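For reference, the structure discussed in these notes is given below.
Treat the numbers as computed from the prediction; the structure is a model and nothing was measured. Residue numbers start from 1 in every chain, and the chains themselves are labelled A, B, ... in the order their sequence lines are given, proteins ahead of strands.
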Amino acid sequence: MAQIKQTIKPNGKYMGRRIMRKEDPRLLSGKGAYVDDIHLPNTAHVAFLRSEHANARITKLDISRARALAGVIQIVTGADLRGVVENIPPMGVLPDLFVPQHPVLATDRVRYVGEPIAAVLAENPYIAQDALELIHVEYDPLPVVVEMEKAIEPGSPLVHEQSKSNVAGTFKLDSGDIERAFRKADRIVTGRFVNQRVAPMPMEARAVQADYQAGEKMLTVWSATQIPHLLRSSLSRLLKVPENRLRVIAPDVGGAFGGKLNVYREEVLLPLLAMRLGRPVKWIETRRENMRAMIHGRDQINYVELAVTKDGRMLGLKCRTLADIGAYPQMLTAAIPTLTAIMATGCYKIPALSFELTDVFTNKMATDAYRGAGRPEATYLIERIVDMAAAELKMDPAEIRSRNFLKSSEFPFTTPSGLIYDSGNYKTCMDKALDLAGYNKLRQQQERARKQGRLMGIGLSTYVEICAMGPATSDPPGGGWESATVRIEPSGKVTVLSGASPHGQGEETTYAQIAADQLSVPFDDVTVIHGDTASVPPGVGTFGSRNTAVGGTAVYMSAQKIRTKMEAIAANLLEINPKNIVLRDGTLQSKLNPKKSVSVREVARAAYTAKKLPPGMEPGLSETSFFSPKNYTFPFGTHVCVVEVERETGEVKIIKYVAMDDCGKVINPMTVEGQVQGGIAQGLGQALYEEIIYDDNGQLVTGSLMDYAFPKATQLPEYICDRTETPTTSNPLGVKGVGEAGTIGATPALVNAVVDALAPYGIQHLDMPLKPEKVWRTIEEKPEAR
Amino acid sequence: MFPANFNYVRPNNIREAVQFLNEHKDDAKVLAGGQSLIPMMKLRLAAPEFLVDIGRLPELKEIDLDDAVLTIGSLIRHADIETADLIARACPLLAETAAEIGDAQVRNRGTIGGSLAHADPSADLPATMLVLDARFSVAGPDGRRIIMAEDFFTDVMTTALRPNEILVSIEIPKMSRRTGCAYVKMHQQASGFAIVGVASLITLGRNGRAEDVRVGINGVSGVPYRAHAVEESLRGKPVDERNIAEAAALAAQGVEPLSDIHASSEYRREMATVYARRSLQRAAQRASAPQRH
């Protein structure tokens, strides 16, 4: 169990307090309803035939034997979709991005292992699987492009022949006088950091069900998605079904971590099949399919140069980044690495930045948003190079950070990439983390350990990230707003309808906390509904740690409107001036004479009976608001990781882990800690265990959880979590967002700790994951180790 | 994760089970705890025509201890081996080994006989069986026979069991006094299987020297093996740090270690030595301690 420190006082009756999550009793007792739990009569079950080759021409596709199998209803191939739906375009693009045709089903060519070729519809999933084995495909294999550095060499085989090279697109960011910064530097520290490809690995894999009600001409799609509204808009365009005849439902969704922030081929095909067949259709992805055909994350190589003075001042940062985007850009594939570019300078005042990004095609599944999405890569590259600079200058890693932090008086601060950091208190947060970790003592312990020949290491990571997407001007997918309807029912109970689509983050609880405080009603009287486009107001979706900051503010705004209306109704009932009304403890009372009061419930009844409303007022108590923030939010924090490396095996043991995060105001400290801990788990997972490996033929070697080391509870340490609280100015709640912070902070903290542990061998860097054999080998190769 | 069609058979006793296997041989597969077979079927790596469920046969669920032998029915689950008082007293090495298998869910379902018959080279039990000189009692159409642990594991996922035979029980001879045992393991980080798993047994003579040394190793080779070179090196010597280290250095002698994405051949060889040393050290400590392990 994690140790929790609570140093910040709550700011409301419910807001700021540790309130148990409304959703958990349902989810933990097996009463949740995921897509697979929703059973419709007469459903046809879908299974996909997927490519076994990473790059090949399909020379023959014979479905006749499979088609003849009893219980097979239909088999659909790419040829059947010609002229129907031929291309699923991405949303996030670069000006020069080569955008290939992205078919629903491959026709004559496959470009990654797992690419769907045919869909079988059968009476049950067993038969569907049997039929797959009867489909005969002949491939003419082509040379495979696996490694991005090789892919951009002249003469490399091409993933897309229509493109001149495997360079898919480029992005450049220049700010300040970079050449001068490097001329003036006393030292230039360089590093090549591989941020390996990993899998988002949601607990629930993808799942889609679709049903067409011909009478109503209504197409209903259930999908395990983060973005029901964006999915609806996409399906409407691709399938030519009007949005008001399309209903997307994201029921309980078993996590996503960015993996379901997309519009997938399977999601487009299933509704089409439902319409064609006139029967409900269902596809439940297996774990092995998920690892092949859901997006992966990260997969960058960063060549970093930092110009520093001898007293540790950072003058300029150069970074050349290759991003492996796989074979077909998915929704935000090309946008993700640009987030690395704009956040590359981190918490530091670095006057000059030069960032060159190259997106590279390979014969792999696409990369796209995975928890942190571009910011973990930014934090990793800056936090690694800063540690290398500290080592080079023989300076304490905390000291070099301290000397370069933006000062709290400098906010709002315009960064070299043009972002405006809202608020920050980096030094305070780091100092508090170091105190909690006992940093000075740890350094003394380390000295003693080294004398005994033990390899102890202490790693720091000080991060700032970008959340709460975001201003509409910055062109986020679907706009940067979120909406919410708050309704007080005639009985006085409250319904919150959110356009956002939480899938594990806990907003059924936090939105209820916001509404309950604003309306002065009991928390248990508030129900939060989300995920069904037919019943909730418009929305964008849940990603980029935006739900509370953007969606929560919309709830807050609607509650404020209702509060004003209730005050007017109460004043009318009490025959006093609305200005003299105060809402307190569930009643609206006169400031002058508290005995003159009506309850929220009575006001609700009055609003619906509509007999005693102020002149001209509409009946009802239901308000909708859209919140479109003017700026992002920039949460920050410091993570401290202490490790001991076992010399003879290379195993890394985490001795202590301290996370000091600042996500602005906090609605529920418990859900924040849950997010932080889950985030750290995935961050440490990347640092220590996880790696998607394709072999030279483009075959996925880590294609199951027997080979892909996703950490289990016993493989993770205890976390000591605390917070500082620096409110944002970007929304009235002062909240910044915390869904990805742990993942962003943890990875460099661990790697810095291990490199620190290995410093006696003169080791300056090790690429992730830091598996025992790699650590062991790195030590073995050092002459000092002999 | 949908298996191909299969037929399900539930025999009433061992004789019926063997008879059925004898009729169908390779078309039939014995189902015990289902921790390996069912996943393989769901992945369609296995598609037996008949599943012969022996899970309810009471004869296979007995644990018995007499003066000379501990007998464990093949259907005893790992979790029971891990926690049963009788086993903790009579053969703590077996309990220590069972505790290292998979996770709690796997141990709650998986059986000792199922795991041994499956013979995964990275499983935990084989090395312990080798070290304990276990005898496998097997039922076939011609009655019972005994297979010695050393003869049981013949190749990767292959045993001396014939398709018409069932593993009935495992017999473990009683250990002499002043014996200490240990099982230590380096886990493969994804699956939890052994990259290296070393079971060892040391019996000390009256002179404090190692009278009997046995070392069994999982995970390193395609077949679990007795590290005879290690045993010979330490036999007759005081079990001090230097002698143990010298002996452990021979852990992978004459073996071409496996190589995969989790551990290269070279690393497995090195770790065999490290873990053999750790295992022997622990066994030596236990042999000299008053409480027998």
Checklist entry - What pair of heavy atoms forms the shortest contact from B:Ala190 to A:Ala709, and how long is it? => result CB-CA, 3.5 Å
Next on the checklist: Tell me every residue that passes side-chain contact (heavy atoms from CB on, under 4.5 Å) with A:Ala131, counting only those two or more places apart in sequence or in another chain.
Outcome noted: A:Ala66, A:Leu69, A:Val72, A:Val120
Anything under 3.5 Å between chain A and chain B that's a donor-acceptor pair? List each one with its distance, please.
{"residue": "A:Asp130", "atom": "OD1", "partner": "B:Arg44", "partner atom": "NH1", "Å": "2.7"}
{"residue": "A:Asp130", "atom": "OD1", "partner": "B:Arg44", "partner atom": "NH2", "Å": "2.8"}
{"residue": "A:Glu133", "atom": "OE2", "partner": "B:Arg44", "partner atom": "NH1", "Å": "3.3"}
{"residue": "A:Glu646", "atom": "OE1", "partner": "B:Arg278", "partner atom": "NH1", "Å": "3.4"}
{"residue": "A:Glu646", "atom": "OE1", "partner": "B:Arg278", "partner atom": "NH2", "Å": "2.6"}
{"residue": "A:Glu648", "atom": "OE1", "partner": "B:Arg277", "partner atom": "NH1", "Å": "3.1"}
{"residue": "A:Glu648", "atom": "OE1", "partner": "B:Arg277", "partner atom": "NH2", "Å": "2.8"}
{"residue": "A:Glu648", "atom": "OE2", "partner": "B:Arg277", "partner atom": "NH2", "Å": "2.7"}
{"residue": "A:Glu648", "atom": "OE2", "partner": "B:Arg278", "partner atom": "NE", "Å": "3.4"}
{"residue": "A:Glu648", "atom": "OE2", "partner": "B:Arg278", "partner atom": "NH2", "Å": "2.9"}
{"residue": "A:Thr649", "atom": "O", "partner": "B:Tyr267", "partner atom": "OH", "Å": "2.5"}
{"residue": "A:Glu651", "atom": "OE1", "partner": "B:Tyr275", "partner atom": "OH", "Å": "3.3"}
{"residue": "A:Met706", "atom": "O", "partner": "B:Gln188", "partner atom": "NE2", "Å": "3.0"}
{"residue": "A:Asp707", "atom": "OD1", "partner": "B:His262", "partner atom": "NE2", "Å": "2.8"}
{"residue": "A:Lys712", "atom": "NZ", "partner": "B:Ala190", "partner atom": "O", "Å": "3.1"}
{"residue": "A:Gln715", "atom": "NE2", "partner": "B:Gln189", "partner atom": "O", "Å": "3.0"}
{"residue": "A:Glu773", "atom": "OE1", "partner": "B:Ser264", "partner atom": "N", "Å": "2.8"}
{"residue": "A:Glu773", "atom": "OE2", "partner": "B:Ser264", "partner atom": "OG", "Å": "2.5"}
{"residue": "A:Arg777", "atom": "NH1", "partner": "B:Glu266", "partner atom": "OE1", "Å": "2.8"}
{"residue": "A:Arg777", "atom": "NH2", "partner": "B:Ser264", "partner atom": "OG", "Å": "3.2"}
{"residue": "A:Arg777", "atom": "NH2", "partner": "B:Glu266", "partner atom": "OE1", "Å": "3.1"}

Item to check | Contacting moiety of B:Met1, where chain A heavy atoms sit under 4.5 Å | outcome: both
Next on the checklist: Measuring only between side-chain heavy atoms, which start at C-beta, is A:Pro772 closer than 4.5 Å to B:Met186?
Outcome noted: yes
Next on the checklist: Could you work out, with side-chain contact (heavy atoms from CB on, under 4.5 Å) as the rule, every residue matching A:Ala681, not counting sequence neighbours?
Outcome noted: A:Leu716, A:Tyr719
Next on the checklist: Less than 4.5 Å to any heavy atom of chain B: does that hold for the side chain of A:Leu688, its backbone, both, or neither?
Outcome noted: backbone
Checklist entry - With a 4.5 angstrom heavy-atom cut-off, which part of A:Pro711 approaches chain B: side chain, backbone, both or neither? => result neither
Next on the checklist: Please enumerate all residues that pass side-chain contact (heavy atoms from CB on, under 4.5 Å) together with A:Pro200, with sequence neighbours excluded.
Outcome noted: A:Pro202, A:Phe257, A:Met294, A:Ile295, A:Tyr370
Item to check | Toward chain A, the part of B:Ile195 with a non-hydrogen atom under 4.5 Å | outcome: neither
